[in-house]
Amino acid sequence: MTTATTIPIKSDDPNTEFACRTIDKKERSLLRIVIDRVADRCRSRSLFILHYCTGCGAIELPPTITSRFDAERLGIQPMVTPRQADILLITGYLSIKTLKRVILSYEQMQGPKYVIGMGSCTINGGMYWHSYATIKRLLEYLPVDMYMAGCMPRPEAILQGFLQLIDNIDKGRANTWEDYYRNYDYYLGNQQALFGPDWHTPTDVIAEARHYNLFDDNTVGEHTALLAKFASEYVTQPIPVKVLPREEIVE
Amino acid sequence: MSEQLPEVLESVFREIPNLVFEAQAPRRLRVKLRADVLPALLELLKGRAGYLHLSAISCVDWPALDEFELVYHLWSYEVKTLVSAHIHIPKQPGHYVSVYDIYTPAAFFERDIHEMFGVYFEGSPSMEPFILTEWSGPPPMLKSFSTLGYVEDTFGWQDYSPEWLKEIEAKGGGIVE
Amino acid sequence: MNLLNLLLWFSLFTVALLYWQGKQRYAGWLGVMAYAAQLSVLIALWDKMPIAASFSFTVLDNTLRWEMTGFGWFFAVITVGAALFSSWFTAGEWGAAQKDMRLQHVALAINVLAMLIMLSSGDFLSLFIGWELVSWASYLIMTHPGGKAADAAFRYLIYAMGGAMAILAGLILIYVQVGSLDYAAFWEALPNLPTEVLWALVLLLGGGFSVKMAIMPFHLWQADAYAETPGANAAFVSAIAARMGLFALTLILLKPVGMERLIDMAIPLTFLDARSLLLWLAALTAIIPTFIALQQSDARLLLAWHGIGQGGLMLLGIMIGTKMGVAGGLMHVFNYATYQAALFLAVIAVMHRTGTTDLDRLGGLIVRMPLTFVVLLMGIIGLAGLPPMNGFVSKWLMYKALLDANMPLLLVAASISTLGTILSVYKLIHNIFLGQLRKEHYKVKEVPWTMLVPMLVLAGIGFITGAMPGLVLDLVDKAQMALGYATLDHHLGGVIWPNGGINMLLVTGIFLYGIGIGAIIFFLGNRRFIVHQWDNYAGGHFLTSDVRYNYTHNFYPGVMRVIGPWFRGTIVHLEQGITNLTQILAGAFHSFYRVSYTPLYLLMVTVLALAWMV
């Protein structure tokens with residue numbers, strides 16, 4: 001049996017490079033704390049996976065989900081569309097072409113949503129490090145909640161990763177999805193570096209950020225400004241052009 | 001002409017000037033010929049010997065010769081012998097004629113070779129990007145293209161050292177660059 | 001001046017008024033007021049029936065009388081109501097967009113007049129005159145835009161003329177046998193008529209009136225003709241015009257006394273009697289046109305085919321002959337008129353905005369025309385016979401009557417028809433309102449209030465009479481009493497019946513309770529975030545306006561593969577055969593006379609046939 005091969009990206013360690021600002025938990029009212037706690041508990045017990053098996057992992061997942069390892073006893077089962085899914089499970093390498101589709105699917109998922117990078121390729125390209133056609137670090141393009149290293153990780157490792165994720169959700173720690181809205185400009189910039197300045201998805205992420213109350217300083221910026229020329233086709237609300245830095249707001 | 005060679009192939013090969021062939025295996029023939037007579041060979045093979053199946057066109061980059069080698073793999077269900085026709089074309093300008101009018105599946109292979117090696121096939125129905133729709137760099141299968149250099153220029157490396165990896169490294173294992 | 005005279009005078013006055021003022025912008029509102037006046041006279045007739053008109057004529061010592069009974073009154077209320085809403089629909093922007101609005105107004109008014117004359121007929125001769133007036137008025141309302149409509153209307157005319165000849169022959173047979181053209185005399189003589197004569201009557205009158213009802217096998221003309229009728233008049237004709245056949249047939253043959261005779265008339269060598277024959281014809285009419293509707297790709301044709309199928313259901317209900325069955329059949333006439341008019345008006349509203357009713361070319365309009373969507377949704381719920389709309393109540397009555405009358409196979413047949421209805425109305429609403437909004441419809445707006453309000457009111461009537469079917473059953477009582485059937489015990493919410501009644505107030509309450517929970521979750525939960533329609537999952541594909549990600553063409557291919565071969569075109573081939581035969585005969589006649597005048601030949605043939613028969 002393999003050892004656990006999961007690396008939680010988000011932890012309570014403030015020095016983690018990937019830490020993002022979270023809602024100040026002390027500001028919440030007692031009622032809100034209770035509701036959030038119940039909601040987190042419920043959420044962690046019913047997770048639907050959208051499994052994106054374009055790379056590898058199509059062999060490891062079926063035993064994980066079916067009767068041998070039976071992920072459904074953890075409340076995890078596959079889902080066919082991103083709208084109903086909670087977890088985007090990316091198994092193995094992603095070519096640049098499929099990354100587009102992954103981003104499209106990710107943006108169509110409803111928050112809260114969690115991304116699991118499964119296999120070493122999502123961390124550093126794995127054995128495809130030399131390839132010109134695959135991306136190396138998934139978390140440059142999407143906020144990743146959890147990596148399961150290995151090539152491929154065995155079902156035991158996958159299950160352990162699921163348990164870790166469930167625990168993170170239960171404790172309210174798994175909120176990297178908010179990071180995508182808060183730092184959308186950063187992610188979009190990385191995506192544009194790969195796909196060119198004409199890259200855009202039909203999802204109006206900025207309006208969604210407002211919808212989730214996650215609009216922040218870095219939601220818009222120089223990269224999102226390039227989206228303006230597609231606004232008439234896709235965007236349901238006008239794109240804000242300029243956001244004042246925090247210092248100016250204070251003044 | 002060797003005795004194993006089927007008569008029909010022998011009659012075809014006799015018509016092509018400067019054709020050299022060798023039998024690599026009982027049912028595999030490696031044929032070398034001048035680039036300008038390849039369409040004639042394909043026509044003859046298809047017309048006389050029932051070579052209806054163009055299995056693949058492969059391309060090899062020879063940086064020392066400054067040439068591309070194109071290999072046309074053909075199969076006949078009557079003769080039951082694979083004919084691999086090798087031709088060499090100069091890298092500059094890297095143009096060759098399409099055999100789409102003889103074998104329609106050639107369009108697929110030629111488009112792929114154009115994308116990966118930059119060989120232009122005149123008369124092929126489409127030379128548009130095929131698989132690498134996001135690609136804007138040089139043809140990536142050329143020997144002159146350094147994939148590692150490209151990757152190191154384009155992508156970053158993230159360091160990570162989880163506990164379990166440290167244990168492995170303590171035993172002398174770890175990540176191999 | 002008595003009220004029936006007043007009603008007919010009002011109707012005649014409406015024709016004159018609309019002819020005189022039809023070109024004005026406010027002509028539609030004049031029509032609304034005129035029909036409202038007629039409707040108020042009808043309401044004033046509530047407890048004064050039967051009422052005879054004060055005028056009469058004597059032709060060859062037969063008196064032509066006009067008398068409104070509760071049965072005719074029931075149909076008259078629906079007729080004038082349908083005309084009122086159709087006229088209302090045309091009163092505003094829609095009418096302004098039409099070139100021939102005067103003709104449409106006048107055609108509608110003439111139809112109402114003709115129908116009122118027919119519905120208040122007091123004897124066979126006035127009935128026949130009314131019948132002919134209705135036929136020709138229908139022809140007028142269908143034909144005037146020319147082109148395809150004229151072709152369809154001409155086909156109708158051929159059928160109607162054949163039917164009229166059969167009816168005429170039947171009436172002459174009655175006159176010969178009974179010696180009078182009075183209704184009462186005929187009904188008195190009915191129990192003692194020889195079976196052969198009665199068979200001839202059933203075939204002649206049943207066949208003749210079935211043409212108008214489009215009972216199989218005479219169903220081919222109706223869908224095309226009604227679908228091609230221009231504008232709001234299509235809503236009127238499909239809501240009520242075809243019911244004139246039902247009225248006449250029921251009035252003459254389907255009173256309790258006639259029903260008894262029909263049951264006695266066994267068909268030799270089979271287990272059927274005349275009533276079962278008609279019942280099964282009605283059941284087939286309920287099934288087959290419904291599944292033909294399933295195949296249609298034009299919204300108006302789809303609805304028109306449904307009209308035929310629902311007509312079959314009404315006849316089925318009345319043919320059961322129990323008080324519940326008759327009440328169900330008659331109630332279905334009313335209910336059907338409300339939702340069919342609403343559906344047709346909604347489809348015409350869509351056509352007004354998009355220029356097409358082709359189901360393959362529409363889609364996603366819910367975001368542009370939400371209120372029209374609501375009307376269509378309520379309409380199809382009624383058409384499919386689901387609670388809480390009124391279609392459910394009448395279908396429930398008919399099903400219950402079928403069960404109580406020990407006719408389980410017919411119940412299965414009616415259920416199959418309902419299944420086809422549900423399938424095809426889903427196609428209707430899906431292809432028009434759900435799915436992908438087409439690029440050419442991005443700028444479409446909701447129709448103006450003048451068109452919306454009548455649709456919404458009709459849908460509202462459908463809902464209210466669904467929740468309180470007692471309102472309609474009060475009207476049905478009048479008709480049932482006039483026919484001679486016992487009335488159904490009912491209250492505001494439903495029917496009292498020994499082995500299980502129905503209370504729609506309760507059903508609707510439960511229904512709204514369920515919706516209420518959903519609404520609470522919907523409105524008190526998180527705010528909605530409406531996404532663009534291209535922000536849609538297509539297996540990782542990026543959607544654009546030129547990609548059809550929502551296919552509406554070739555709906556239900558699986559069902560079609562199974563049921564398609566069963567009835568593909570058999571009747572059409574029959575009709576084609578008859579047409580060819582007629583053409584050969586007409587050619588032969590033509591070579592004799594060098595004149596092409598089909599009605600004359602038809603009349604001549606009928607007279608010859610009668611002479612031979614008598």
Side-chain angles (χ1 to χ4, degrees), chain A residues 35 39 43 48 50-54 79-85 88 90 94-113 181 191 195 198-215 227 230-239, chain C residues 354 361-371 373 426 429-431 433-446 517-552 555 557-558:
Chain A
I35 290 175
R43 213 169 259 155
F48 287 170
L50 182 70
H51 44 289
Y52 207 95
C53 298
T54 54
M79 178 41 70
V80 289
T81 73
R83 293 265 187 240
Q84 284 100 332
L88 180 57
I90 295 168
L94 283 175
S95 73
I96 293 169
K97 210 169 177 172
T98 49
L99 178 67
K100 275 188 173 178
R101 275 75 192 174
V102 168
I103 292 168
L104 180 74
S105 304
Y106 176 75
E107 289 183 353
Q108 282 173 348
M109 289 167 69
Q110 307 186 37
K113 48 191 171 183
Y181 293 109
Q191 293 164 11
F195 309 138
D198 281 350
W199 163 247
H200 59 280
T201 54
T203 310
D204 190 356
V205 178
I206 299 166
E208 274 183 28
R210 290 182 193 284
H211 176 74
Y212 287 124
N213 270 331
L214 294 171
F215 189 83
L227 292 177
F230 307 107
S232 61
E233 288 180 47
Y234 288 104
V235 176
T236 49
Q237 296 168 15
I239 293 179
Chain C
T354 64
R361 293 171 188 280
L362 292 165
L365 284 173
I366 180 172
V367 291
R368 294 285 176 269
M369 307 173 77
L371 287 171
F373 167 77
Y426 177 68
I429 198 162
H430 170 272
N431 285 16
F433 284 105
L434 308 181
Q436 182 184 13
L437 184 67
R438 300 200 165 221
K439 199 170 184 179
E440 59 264 33
H441 300 150
Y442 281 0
K443 299 271 192 299
V444 165
K445 282 184 298 200
E446 181 61 279
I517 291 176
I520 287 171
I521 294 172
F522 185 77
F523 288 112
L524 294 188
N526 278 335
R527 283 179 302 134
R528 281 179 300 160
F529 182 78
I530 297 171
V531 299
H532 196 279
Q533 63 169 347
W534 294 342
D535 188 2
N536 205 329
Y537 187 61
H541 269 286
F542 289 81
L543 300 171
T544 49
S545 63
D546 55 328
V547 176
R548 294 268 161 272
Y549 61 83
N550 189 294
Y551 292 95
T552 51
F555 227 67

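Quick caveat: nothing in here was measured; it's all calculated off a predicted structure. So you know, we letter chains A, B, ... as the sequences are listed, proteins then strands, and number each from 1.
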Check your understanding: Do other residues, nucleotides or ligands put more than 12 heavy atoms under 6.0 Å from the CZ atom of C:R361?
Key -> no

Exercise for review: Let me know if A:V80 has heavy atoms under 4.5 Å from chain C in its side chain, its backbone, both or neither.
Suggested key: backbone

Point to revise | Gap separating the CG atom of A:L104 from the CG atom of C:D535, nearest 0.5 angstrom | key: 7.5 Å

Check your understanding: Going by heavy atoms in the side chains, are C:F542 and A:T201 under 4.5 Å from each other?
Key -> yes

**Study point:** Contacting region of A:Q110 [heavy-atom separation from chain C under 4.5 Å]
**Key:** neither

Donor-acceptor pairs under 3.5 Å, side chain of residues 439-446 of chain C to any protein atom, not counting sequence neighbours: which ones?
residue : atom : partner : partner atom : Å
C:E446  : OE1  : C:T372  : OG1          : 2.6
C:E446  : OE2  : C:L371  : N            : 2.8
C:E446  : OE2  : C:T372  : N            : 3.3

